[in-house]
Undergrad: 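Supplied in structure tokens, the structure appears directly below.
Since we're looking at a predicted model, the values are computed, not measured. Quick note: numbers below take in every heavy atom, side chains included, and nothing from hydrogens, waters or symmetry partners.
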Amino acid sequence: MEDRDFFEKVYAIVRQIPPGRVTTYGAIARYLGSERSARVVGWALNQSFHTGSFIPAHRVVNRQGMLTGKHYFGFGDTMKQLLENEGIEVVNDRIVRFGELFWDPAENLS
DNA sequence: GGTGTGACAATGG
DNA sequence: GCCATTGCCACAC
């Protein structure tokens, strides 16, 4: 098992995030068994742009529900627009009702 | 093989 | 309660 599976797992989880739902880097990291590797999860998403396949990274935010990496989506509020397109309210780069929209992979993917 | 980094998270002042 | 620092793990150079 190569460690690179970590990246693939991250991509797999992010792709399985249902529309209108969001999750956190820590939740994904925790599901992968490395609760402290939340940073690596975010990094994987960063590299996801380089993979060529589109990853709904806009559904992945930090613990505060804030769109920390929106700038990586390009310019303006691309990330914000994507979220709003799915019915997610974003105010001040932060997801509204984040607690309700939170999607835990551990509960859905087991 | 060692160093640096990074879209986090938790802790301390 | 907000700002600064540390820890952490996996990848790139």
Undergrad: What's the NZ-P distance between A/Lys9 and C/dA10, to the nearest Å?
TA: 11 Å
Undergrad: Using ring-ring contact (aromatic ring centres under 6.0 Å, His included) as the criterion, list what pairs up with A/Phe98, not counting sequence neighbours.
TA: A/Phe102
Undergrad: Please list residues of residues 11-21 of chain A whose heavy atoms come under 4.0 Å from any atom in DNA chain B, ordered by number; otherwise none.
TA: none
Undergrad: Near DNA chain B, which residues from residues 88-101 of chain A have a heavy atom under 4.0 Å away?
TA: none
Undergrad: Identify, residue by residue, the members of residues 43-55 of chain A with a heavy atom below 4.0 Å from DNA chain B, and return them in order of residue number, or none.
TA: A/Trp43, A/Leu45, A/Asn46, A/Phe49
Undergrad: Considering residues at least two apart in sequence or located in another chain, which fulfil the salt bridge (Lys or Arg N to Asp or Glu O under 4.0 Å) criterion with A/Glu89?
TA: A/Arg97
Undergrad: At a cut-off of 3.5 Å, list every protein nitrogen or oxygen paired with a nitrogen or oxygen from nucleotides 4-8 of chain C, distance to 0.1 Å.
TA:
{"residue": "C/dG7", "atom": "O6", "partner": "A/Arg39", "partner atom": "NH1", "Å": "3.1"}
{"residue": "C/dC8", "atom": "N3", "partner": "A/Arg39", "partner atom": "NH1", "Å": "3.0"}

Undergrad: Can you confirm whether or not the ring centre of A/Phe73 sits under 6.0 Å from the ring centre of A/Phe49?
TA: yes
Undergrad: Please state how far atom CZ in A/Phe6 lies from atom C1' in C/dC9, giving the value in whole angstrom units.
TA: 8 Å
Undergrad: Give the residues of residues 59-67 of chain A touching DNA chain B, defined as any heavy atom closer than 4.0 Å, sorted by residue number.
TA: A/Asn62, A/Arg63
Undergrad: Between A/Val61 and A/Thr68, does the side-chain contact (heavy atoms from CB on, under 4.5 Å) criterion hold? Intermediate values first, please.
TA: CA-CA 7 Å; A/Val61 294; A/Thr68 47; over 6 Å; no
Undergrad: List the residues meeting salt bridge (Lys or Arg N to Asp or Glu O under 4.0 Å) with A/Glu86, not counting sequence neighbours, and say none if there are none.
TA: A/Arg59
Undergrad: List for me each residue that meets side-chain hydrogen bond (donor to acceptor under 3.5 Å, both in side chains) alongside A/Asp77, sequence neighbours excluded, and say none if there are none.
TA: none
Undergrad: Between the side chain of A/Ser34 and the main-chain N/O of A/Ala29, is any donor-acceptor distance below 3.5 Å?
TA: no
Undergrad: Could you pull out all residues at least two apart from A/Arg30 that satisfy salt bridge (Lys or Arg N to Asp or Glu O under 4.0 Å)?
TA: A/Asp104
Undergrad: Identify the two heavy atoms, one from A/Val22 and one from A/Leu83, that lie closest to each other, and give their separation to 0.1 Å.
TA: CG1-CD2, 4.2 Å
Undergrad: So, do A/Thr23 and A/Pro105 sit near enough that their side-chain heavy atoms are less than 4.5 Å apart?
TA: yes
Undergrad: Check whether any side-chain heavy atom of A/Lys70 lies under 4.5 Å from a side-chain heavy atom of A/Thr78, and answer yes or no.
TA: no
Undergrad: With heavy-atom distances below 4.5 Å as the criterion, would you say the side chains of A/Thr24 and A/Asn62 are in contact?
TA: no
Undergrad: Any side chain to side chain donor-acceptor pair (under 3.5 Å) involving residues 38-55 of chain A? Give me the pairs, sequence neighbours left out, ordered by first then second residue.
TA: none
Undergrad: Name the residue closer to the 5' end of DNA chain B, choosing between A/Val40 and A/Gly26 according to the nucleotide with the nearest heavy atom.
TA: A/Val40
Undergrad: Going by the angle between their ring planes, with limits at 30° and 60°, are A/His58 and A/Phe54 parallel, tilted or perpendicular?
TA: parallel
Undergrad: Tell me, please, the opening and closing nucleotides of DNA chain B, 5' to 3', among those with an atom under 4.0 angstrom from a non-hydrogen atom of chain A.
TA: B/dG4 to B/dA9
